[in-house]
Undergrad: 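One structure is given below, represented as structure tokens, and several questions about it will come after.
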Protein chains: 2
Amino acid sequence: MRVTIKDVSRVSGVSIKTVSRVLNKERYVGVETRAKVEAAVAELNFRPSTAARSLAGKRSFQIALICDNPSPYYVYEMQSGIRDRCAQDGVRMIAQPYDRNAATLLDDIENLVDATHVDGLILTPPVSDHPQVLDLLERRGVRFVRVSPGSAVDLASSTFIDNERAARVMTAHLLELGHRRIGFIAGHPSYATSGQRMRGYARALGQEGLSLDPILVREGSYDFASGARAAEALLALDVPPTAIFASSDDMAAGVLTVAHRRGLAVPGQLSVAGFDDAALAGFVWPPLTTIRQPTREMAYQAADLLLAPADAPIERREVAFELIVRESTGPVAQG
Amino acid sequence: MRVTIKDVSRVSGVSIKTVSRVLNKERYVGVETRAKVEAAVAELNFRPSTAARSLAGKRSFQIALICDNPSPYYVYEMQSGIRDRCAQDGVRMIAQPYDRNAATLLDDIENLVDATHVDGLILTPPVSDHPQVLDLLERRGVRFVRVSPGSAVDLASSTFIDNERAARVMTAHLLELGHRRIGFIAGHPSYATSGQRMRGYARALGQEGLSLDPILVREGSYDFASGARAAEALLALDVPPTAIFASSDDMAAGVLTVAHRRGLAVPGQLSVAGFDDAALAGFVWPPLTTIRQPTREMAYQAADLLLAPADAPIERREVAFELIVRESTGPVAQG
DNA sequence: TTGTATGCGTTATCAT
DNA sequence: ATGATAACGCATACAA
């Protein structure tokens with residue numbers, strides 16, 4: 001049979017309530033009493049039932065991650081970071097299935113909240129900016145933390161990198177190498193990060209006195225195929241760009257593939273830059289120059305904010321990015 | 001406040017128990033009664049509390065995935081397949097953190113089982129062959145399904161592909177192209193699939209009257225770095241192989257990178273074959289010839305077996321693999 | 001600092 | 001086919 005708090009109470013010779021106190025690390029427990037209880041817990045191998053705890057108490061010891069991203073690496077890093085933090089508090093993570101094309105998103109989330117009594121949610125783009133989801137959670141008084149929010153940033157705590165500055169740094173790097181026609185592949189507009197990165201690109205150009213040429217800017221959707229399509233279009237221009245800055249690594253991989261099929265040497269005839277440095281770090285060939293986005297760290301901090309005391313103030317926590325320069329962004333080719 | 005079964009009972013005018021019957025799709029409920037209850041459920045937007053259900057009943061409507069794999073793509077596909085199946089039954093998935101290096105695996109799993117009362121577990125390699133874990137679950141009477149088990153395959157239901165035959169098919173393909181010195185990079189021995197794939201390689205050689213040359217076989221660990229290391233060693237041989245069969249895609253990517261750094265044309269001077277076709281499908285350049293392992297389908301079937309009626313017999317469900325031939329495995333170079 | 005009684009929302013048992 | 005009532009294992013309010 002199952003070991004219950006009652007058994008611990010009996011073995012240790014104290015009341016159920018006192019055992020509960022020890023489990024929840026409440027104050028006002030005698031040192032001796034605590035020791036007795038802990039001994040009994042260890043002896044019986046007692047593990048409190050999450051179901052009973054969440055039914056009786058205010059906490060469920062579960063949080064949920066709402067994450068639908070085209071990149072498995074992103075998802076993996078998000079989960080890893082969150083779990084690292086949750087493990088410290090004995091909290092579990094529910095990986096909620098979410099199909100970005102599903103019309104049932106709102107219903108799914110409401111169902112999740114009601115059914116599991118999760119202590120909180122972590123939202124990643126593009127859900128972190130979904131007005132109706134935010135509204136729903138606010139109305140229901142459910143705690144949540146947003147990753148990379150783009151609007152209403154003071155609604156709840158969040159973690160992020162400075163996407164605009166990162167894109168500016170990357171673009172400036174390309175400009176410094178002598179590039180003047182730099183193609184840019186944006187993400188889907190529903191991702192706030194897409195606009196942020198595009199603005200960084202535009203500002204870096206402006207600082208060099210260059211104006212943004214709309215023909216050099218394409219819309220992708222952060223995945224391989226859209227990056228390849230955009231590259232095809234850019235490289236087919238009468239005056240093609242000498243460098244392409246894809247605002248995600250998967251799209252950059254698409255660019256590389258297309259460049260190769262067209263017989264272009266990289267970086268000899270085309271410089272390629274990416275953004276994220278997860279999917280392709282280490283093993284795409286040739287290596288990309290990228291902005292490294294510390295996804296795992298953002299996730300860890302998001303969980304940290306979510307697990308903070310209920311009265312903790314709303315906090316925006318910025319994480320540092322890094323420019324990783326590899327051989328693929330060489331100077332402009334001679335002649 | 002929270003909507004409870006009591007509210008539904010009041011609004012629909014039937015007893016709590018009858019509402020429960022409708023929710024659980026039990027028999028012996030009048031058509032009219034059922035309709036009334038369903039109307040009330042919809043009107044009140046009632047969602048039963050998972051916590052209360054698992055406390056009172058025998059089911060928790062939650063299952064857990066124990067998966068620690070070096071490849072984010074594998075993890076992603078596993079989760080996706082499982083969630084697709086679980087969604088049909090309104091069951092949730094807990095993604096249990098598991099560090100393959102952790103000494104606490106057994107304790108973690110026991111804790112998970114006790115704390116959450118999960119209805120079952122899905123185990124992926126190498127945990128699917130972990131003797132103590134299997135023993136623990138058996139002892140505790142916890143239901144579980146194994147993915148790609150290597151031993152004691154009748155212990156519980158499982159899903160798998162015929163790894164040995166797949167490796168044989170791949171190797172035969174290379175032999176047919178004229179290759180006679182084919183390097184092989186195995187996975188870590190703790191993965192049963194590693195031995196299975198190696199045996200397939202050896203058998204294919206045998207069928208051509210070739211004996212396995214131990215110097216051409218290296219041990220990796222299914223990740224990029226180990227594949228690169230093994231390739232370095234193989235290509236540094238006095239008589240290097242003309243083809244390398246890496247038994248995972250990540251290792252194959254390592255091989256490709258090393259080949260490139262050494263100035264080898266692929267497939268001109270070296271043919272490269274992989275296994276899995278998840279991480280690299282579509283975007284590694286040059287494309288690999290691989291065995292496509294339908295991870296998502298294996299996951300879906302695993303969940304299907306786990307959610308089957310309690311009295312369902314133990315079942316081994318095989319899923320088909322596919323040989324994907326791309327340009328990278330060309331014939332042996334002339335001269 | 002410790003103990004007692006009550007209730008969380010559902011399923012299970014046993015009635016009718 | 002439907003209903004009343006006792007669990008389930010824990011936290012909470014309130015006492016002592």
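Remember, it's a predicted structure, so these values are computed and weren't measured experimentally.
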Undergrad: Let's see if you can work this out: which of C:dT2, C:dT10, D:dT12 has an atom nearest to the side-chain heavy atoms of A:Thr33?
TA: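 Ranking C:dT2, C:dT10, D:dT12 by closest atom to the A:Thr33 side chain puts C:dT2 first.
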
Undergrad: When we call it a touch if two heavy atoms are under 4.0 Å apart, what does B:Ile16 touch: a base, just sugar-phosphate, or nothing?
TA: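 Base: the residue B:Ile16, judged by heavy atoms under 4.0 Å, touches a nucleobase.
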
Undergrad: Roughly, in whole Å, what's the span from CG in A:Leu44 to P in D:dG9?
TA: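 Distance check: A:Leu44 CG to D:dG9 P gives 14 Å.
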
Undergrad: Assuming nearest nucleotide by heavy-atom distance, tell me which of B:Ala52 and A:Phe61 is located more 5' along DNA chain D.
TA: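 That would be B:Ala52.
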
Undergrad: In this structure, how many angstroms lie between the P atom of C:dT11 and the CZ atom of B:Arg59, rounded?
TA: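 Roughly 10 Å, once rounded to whole Å.
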
Undergrad: Of all the nucleotides listed (C:dT10, D:dA11, D:dC10), which has the minimum atom distance to the side chain of A:Pro48?
TA: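 The closest nucleotide is D:dC10.
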
Undergrad: Out of A:Tyr74, A:Tyr73, A:Tyr191, which residue meets the ring pair (Phe, Tyr, Trp, His ring centres under 6.0 Å) rule with A:Tyr222?
TA: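 Single ring pair (Phe, Tyr, Trp, His ring centres under 6.0 Å) partner of A:Tyr222 among A:Tyr74, A:Tyr73, A:Tyr191: A:Tyr191.
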
Undergrad: Using a cut-off of less than 4.0 Å, is there contact between a side-chain N or O of A:Ser49 and OP1 or OP2 of D:dC10?
TA: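 No, no such contact exists.
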
Undergrad: Under 4.0 Å between a side-chain nitrogen and a carboxylate oxygen: does that hold for B:Asp129 and B:Arg146?
TA: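 Judged by the 4.0 Å cut-off on N to carboxylate O distance, B:Asp129 and B:Arg146 do form a salt bridge.
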
Undergrad: Grab the NZ-P distance between A:Lys36 and C:dT1 for me, whole Å please.
TA: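 Rounded to whole Å, this separation is 15 Å.
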
Undergrad: Starting at atom NZ of A:Lys17, determine the distance to atom P of D:dA16, rounded to an integer number of angstrom.
TA: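 Roughly 17 Å, once rounded to whole Å.
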
Undergrad: On DNA chain D, check which nucleotide each of A:Val19 and B:Ser15 is closest to and give me the residue with the more 5' one.
TA: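 The answer here is B:Ser15.
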
Undergrad: Determine the minimum heavy-atom distance between B:Arg143 and B:Pro309, stating which atoms define it.
TA: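 Nearest pair, atom of B:Arg143 first, then B:Pro309: NH2-O, 3.2 Å.
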
Undergrad: Within this structure, what is the OH-to-C1' distance between A:Tyr28 and D:dA13, rounded to whole angstrom?
TA: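 For the pair A:Tyr28 OH and D:dA13 C1', the rounded distance is 16 Å.
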
Undergrad: Please check this pair: side chain of A:Thr124 against backbone of A:Val147, looking for a donor-acceptor N/O pair closer than 3.5 Å.
TA: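 A pair under 3.5 Å: no.
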
Undergrad: What about B:Arg21: does its side chain form a donor-acceptor pair under 3.5 Å with the base of D:dG3?
TA: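 Check passes, donor-acceptor contact within cut-off.
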
Undergrad: Could you walk me through whether A:Ile82 and A:Gln79 satisfy the side-chain contact (heavy atoms from CB on, under 4.5 Å) test, starting with their C-alpha distance in whole Å, then the side-chain angles of each, then the deciding distance to 0.1 Å, before giving a yes or no?
TA: CA-CA 5 Å; A:Ile82 293 171; A:Gln79 295 188 350; 5.9 Å; no

Undergrad: Using OP1 and OP2 only, check whether a side-chain N or O of B:Arg53 sits under 4.0 Å from C:dT11.
TA: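 Yes, B:Arg53 has a side-chain N/O under 4.0 Å of OP1/OP2 on C:dT11.
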
Undergrad: What nucleotide among C:dT11, D:dC10, D:dG3 has an atom nearest to a side-chain atom of B:Val14?
TA: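 Side chain of B:Val14 sits closest to D:dG3.
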
Undergrad: Grab the CD-P distance between A:Glu26 and D:dT12 for me, whole Å please.
TA: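 A:Glu26 atom CD is separated from D:dT12 atom P by 7 Å.
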
Undergrad: Can you tell me how far P of C:dA5 sits from NZ of A:Lys6, to the nearest Å?
TA: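 Rounded to the whole Å, the gap is 13 Å.
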
Undergrad: Heavy atoms from C-beta onward define the side chain here; which of C:dG9, D:dT12, C:dG7 lies closest to that of B:Leu55?
TA: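 Of the options given, the side chain of B:Leu55 lies nearest C:dG9.
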
Undergrad: When you measure from the side-chain N and O atoms of A:Ser20 to the phosphate of D:dA11, is any distance below 4.0 Å, counting only OP1 and OP2?
TA: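 Affirmative; the distance criterion is met.
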
Undergrad: Using whole Å, report how far CG of B:Asp114 lies from P of D:dG9.
TA: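 My rounded result for the distance is 12 Å.
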
